[in-house]
Q: 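Right, I'll just put the structure down here and ask away after.
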Amino acid sequence: MNDSAYIGRFAPSPTGPLHLGSLVAAMASYLDAKVHGGQWLVRVEDVDRDRNVAGADRHILSSLQRCGMHWDGDVTWQTQREHLYEAALRQLGGNIYPCGCSRKEIADSQLRLGQAGQPNLVYPGTCRNGLAPGRTARALRLRTPQEPHCVIHFHDRFAGDVSQDITAEVGDFVVRRADGFWAYQLAVVVDDGAQGITDIVRGADLLDSTPRQLFLQQLLGLPQPRYLHVPVVLNADGEKLSKQTGAQAFDTGAPAASLLDSALLPAARFLGLQLQADSIEAFWRAAIPAWEIVLRAHGEAPHRA
C-alpha cells in the first residue's frame, strides 16, 4: 500500500513504562503507517499532570527505539500545546458552560432517574442553564444538542459501523476538568487536528470516546480521521491490562535483542500476525506484510498510489 497523505500517531501517557497492552497499540499504529507508506508520529499525552511519573516519557521513547520503532519528525508533549486548547475553547464559545456538579452527584442523579447500571455516567444537565445559588464552578462542559438528539455514526476499520446517541448516552461532557486540567476528549481532538492526523489506530477501550471526538471535530471545523480500534489485552481477571491493574513493564533494561521473544512476538501474535523472526530487524521486515494480510482479512483492499 502507498498513501503519501497518511499520517498516524502513537500517543502514550507518561504514567509509567510501556506494558504489553500499550505495545500492542503502538505496534498496530506503527505497522498501519508503514503498510500505507505514511508517517508515524509520537505524542506524549502528559496533560494530566497529577498522574505523570517523572522520567516515564523518556523511558517510553527509549523502549520504542529499542523495539526498532522509529518515529517521524519531533516528539510532541501536550503540556507544550495548551495554548491550542485555550484557542479551541474560545472557538467553542457559547457551547461551553461552567458546571458545579461532582461525579457522586451525577451518579446519584442517574440513580434517581432509574438509569443506574449504564456504562457511562450520563450528565443530566443540572447546570446547563446556569449555576444554582451557592454553587461554584468546577468543570467546563460542552452542550450537546437536545432536539433532535446528537447521534454520531462512523465506520471503524475493524469494528465496522458504529453509532452513539451522545445526548442520551453521554450528555453534556467535560472539556476542562474540575482540577483545572484539560479533558482528554478536547486535547486529543485539537492535537490530531493540528498535526494533520489522517488515521487513528488505538485500543478498543477508546471506541466509546470516538463519537464525542467526532462531535468536537465538527464543531471545530476539523477533518475526520479514519479509525481502527484493535482489541485490548486482558489480564487473568479479564480486566484491561493497564498500569492501574498492575501491568508490568515489558522493557526492564535487558539487552534489546531479548525484547523480540519477550515482547514483540507476543504482541504480534495478539494482533493475529503469523510470523517468525530471529532478530528485531527481521521481525519488522516480516511484520509489515503480515499486517497487510490482517487488513485484507478485515475487508481492506490495498490502495496504491
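Heavy atoms only: backbone and side chains are in, while hydrogens, waters and symmetry mates are out.
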Q: If you compare all heavy atoms of V42 against all heavy atoms of P12, which two are closest, and at what distance to 0.1 Å?
A: CG1-CD, 4.5 Å
Q: Evaluate whether atom CZ of R135 has more than 12 neighbouring non-hydrogen atoms of other residues, nucleotides or ligands under 6.0 angstrom away.
A: yes
Q: Does a side-chain heavy-atom distance below 4.5 Å link L61 with V75?
A: yes
Q: So which pairs with a foot in residues 202-222 pass salt bridge (Lys or Arg N to Asp or Glu O under 4.0 Å), sequence neighbours left out?
A: D205-K240, D208-R212
Q: Sequence neighbours left out, what passes side-chain contact (heavy atoms from CB on, under 4.5 Å) with A194? Give chain and number order.
A: R81, L84
Q: Is there a path of hydrophobic side-chain contacts, each under 4.5 Å between heavy atoms of I/L/V/M/F/W/Y residues, joining L271 to M69?
A: yes
Q: Taking atom types as modelled, is there a side-chain donor on R9 or Q195 under 3.5 Å from an acceptor on the other?
A: no
Q: Is there a path of hydrophobic side-chain contacts, each under 4.5 Å between heavy atoms of I/L/V/M/F/W/Y residues, joining W77 to F10?
A: yes
Q: After noting the C-alpha distance and the side-chain angles of R177 and D48, does the key distance pass the salt bridge (Lys or Arg N to Asp or Glu O under 4.0 Å) rule?
A: CA-CA 10 Å; R177 297 171 7 186; D48 190 348; 3.2 Å; yes
Q: How many angstroms lie between OG in S13 and CG in N52, if you round to the nearest 0.5 Å?
A: 8.0 Å
Q: Using a strict cut-off of less than 4.0 Å between a Lys/Arg side-chain nitrogen and an Asp/Glu carboxylate oxygen, indicate whether E45 and R43 qualify as a salt bridge.
A: yes
Q: I'd like to know whether Q146 forms a side chain to side chain donor-acceptor pair (under 3.5 Å) with T167, so could you lay out the CA-CA distance, the side-chain angles of the two residues, the decisive distance to 0.1 Å, and finally the verdict.
A: CA-CA 6 Å; Q146 301 299 297; T167 306; 4.8 Å; no
Q: Who are the side-chain hydrogen bond (donor to acceptor under 3.5 Å, both in side chains) partners of N129, not counting sequence neighbours?
A: none
Q: Go through the steps for I288 and F283 under the test side chain to side chain contact (heavy atoms under 4.5 Å, CB included), then give the verdict.
A: CA-CA 9 Å; I288 293 170; F283 171 85; over 6 Å; no
Q: Filter on salt bridge (Lys or Arg N to Asp or Glu O under 4.0 Å), then keep only pairs touching residues 53-66, sequence neighbours left out; what's left?
A: R66-D251
Q: Search all heavy atoms of V122 against all heavy atoms of G171 and return the closest pair with its distance.
A: CG1-N, 4.2 Å
Q: Using a 4.5 Å cut-off on heavy atoms from C-beta on, say whether the side chain of H229 contacts that of V162.
A: no
Q: Show your working on side chain to side chain contact (heavy atoms under 4.5 Å, CB included) between L89 and Y85 and close with a plain yes or no.
A: CA-CA 6 Å; L89 200 64; Y85 315 144; over 6 Å; no
Q: Go through it in stages, so that I can follow the logic: the residues are L142 and T144, the test is side chain to side chain contact (heavy atoms under 4.5 Å, CB included), and I'd like the CA-CA distance, side-chain angles, deciding distance and then a yes or no.
A: CA-CA 6 Å; L142 177 69; T144 53; 5.5 Å; no
Q: Donor-acceptor check, side chain of D72 to backbone of L41, threshold 3.5 angstrom: yes or no?
A: no
Q: Does any non-hydrogen side-chain atom of Y184 lie less than 4.5 Å from one of L206?
A: yes
Q: Under a 3.5 Å threshold, yes or no: a donor from one side chain and an acceptor from the other, between Q217 and Q224?
A: no
Q: Going only through I, L, V, M, F, W and Y residues with side-chain contacts under 4.5 Å, is there a path from V232 to V24?
A: no
Q: Run the ring-ring contact (aromatic ring centres under 6.0 Å, His included) test against F270 and tell me which residues pass, sequence neighbours left out.
A: none
Q: Would you give the length of the straight line joining atom OG1 of T79 to atom CG of D46, rounded to the nearest 0.5 angstrom?
A: 3.5 Å
Q: Side chain to side chain contact (heavy atoms under 4.5 Å, CB included), that's the test. Do L264 and C67 meet it? Break it down for me.
A: CA-CA 7 Å; L264 290 171; C67 285; 4.0 Å; yes
Q: Checking the side chain of H19 only, and the main-chain atoms of G21 only, is there a donor and an acceptor separated by less than 3.5 Å?
A: yes
Q: W71: what forms a ring-ring contact (aromatic ring centres under 6.0 Å, His included) with it, not counting sequence neighbours?
A: none
Q: Over all heavy atoms of both residues, which pair between P266 and L260 is shortest? Give the atoms and the distance, please.
A: CD-O, 4.1 Å
Q: Find the distance between CZ (F158) and CD (E300) and round it off to the nearest 0.5 Å.
A: 7.5 Å
Q: Between Q185 and L216, is any pair of side-chain heavy atoms under 4.5 Å apart?
A: yes
Q: Would R141 count as a cation-pi partner of Y123, with NZ or CZ less than 6.0 Å from the six-membered ring centre and within 45° of the ring normal?
A: yes
Q: Between E105 (side chain only) and S102 (backbone N and O only), is there a donor and an acceptor less than 3.5 Å apart?
A: yes
Q: Calculate, to the nearest 0.5 Å, the distance between atoms CG and CH2 belonging to L275 and W291 respectively.
A: 12.0 Å
Q: Under the side-chain hydrogen bond (donor to acceptor under 3.5 Å, both in side chains) rule, collect the residues that match up with R176, sequence neighbours excluded.
A: none
Q: For the atom pair CG (L273) and CG (L265), what is the distance rounded to the nearest 0.5 Å?
A: 10.0 Å
Q: What about L18 and V53, same hydrophobic cluster or not, with Ile/Leu/Val/Met/Phe/Trp/Tyr joined at side-chain heavy-atom distances under 4.5 Å?
A: no
Q: Considering all heavy atoms of both residues, which atom of A56 and which atom of P14 are nearest to each other, and what is their separation?
A: CB-O, 3.4 Å
Q: Which atoms form the tightest heavy-atom contact between C127 and C101, and what is the distance?
A: SG-SG, 3.7 Å
Q: Taking all non-hydrogen atoms of both residues, which atom of T252 and which atom of A249 are closest, and how far apart?
A: CG2-O, 3.9 Å
Q: W182 and L220: same hydrophobic cluster, using ILVMFWY side-chain contacts below 4.5 Å?
A: yes
Q: Will you find, in the side chains of D32 and Y6, an N or O donor that is under 3.5 Å from an N or O acceptor?
A: yes
Q: Could you list the donor-acceptor pairs under 3.5 angstrom formed between side-chain atoms of residues 92-99 and any protein atom two or more places apart in sequence or on another chain?
A:
residue, atom, partner, partner atom, Å
N95, ND2, L92, O, 3.1
Y97, OH, D172, OD2, 2.6

Q: Please list, chain by chain and in numerical order, all residues satisfying ring-ring contact (aromatic ring centres under 6.0 Å, His included) with H149, sequence neighbours excluded.
A: none
Q: Under 3.5 Å, side chain of Q164 to main-chain N/O of I152, donor-acceptor pair present?
A: no
Q: Look only at the side chain of S262 and the backbone of S258, and say whether a donor-acceptor pair between them is shorter than 3.5 Å.
A: yes
Q: Rounded to the nearest 0.5 Å, what's the gap from CZ on F154 to OG1 on T210? Could you check?
A: 4.5 Å
Q: Please give the remaining members of the hydrophobic cluster of V174, linking ILVMFWY side chains under 4.5 Å, ordered by chain and number.
A: none
Q: Report, as yes or no, whether the 6.0 Å neighbourhood of atom CG on D179 holds more than 12 heavy atoms from other residues, nucleotides or ligands.
A: yes
Q: What I'd like to find out is whether the side chain of R226 reaches to under 4.5 Å of the side chain of T198, using heavy atoms alone.
A: yes
Q: For Q78, check side-chain hydrogen bond (donor to acceptor under 3.5 Å, both in side chains) against everything at least two apart and list the hits.
A: D191
Q: So, R285 and E281, do they make that salt bridge, N to O below 4.0 Å?
A: no
Q: In terms of heavy-atom contacts, does CD of Q276 have more than 12 from other residues, nucleotides or ligands at under 6.0 Å?
A: no
Q: Mind checking what makes ring-ring contact (aromatic ring centres under 6.0 Å, His included) contact with Y30, not counting sequence neighbours?
A: W40, W284
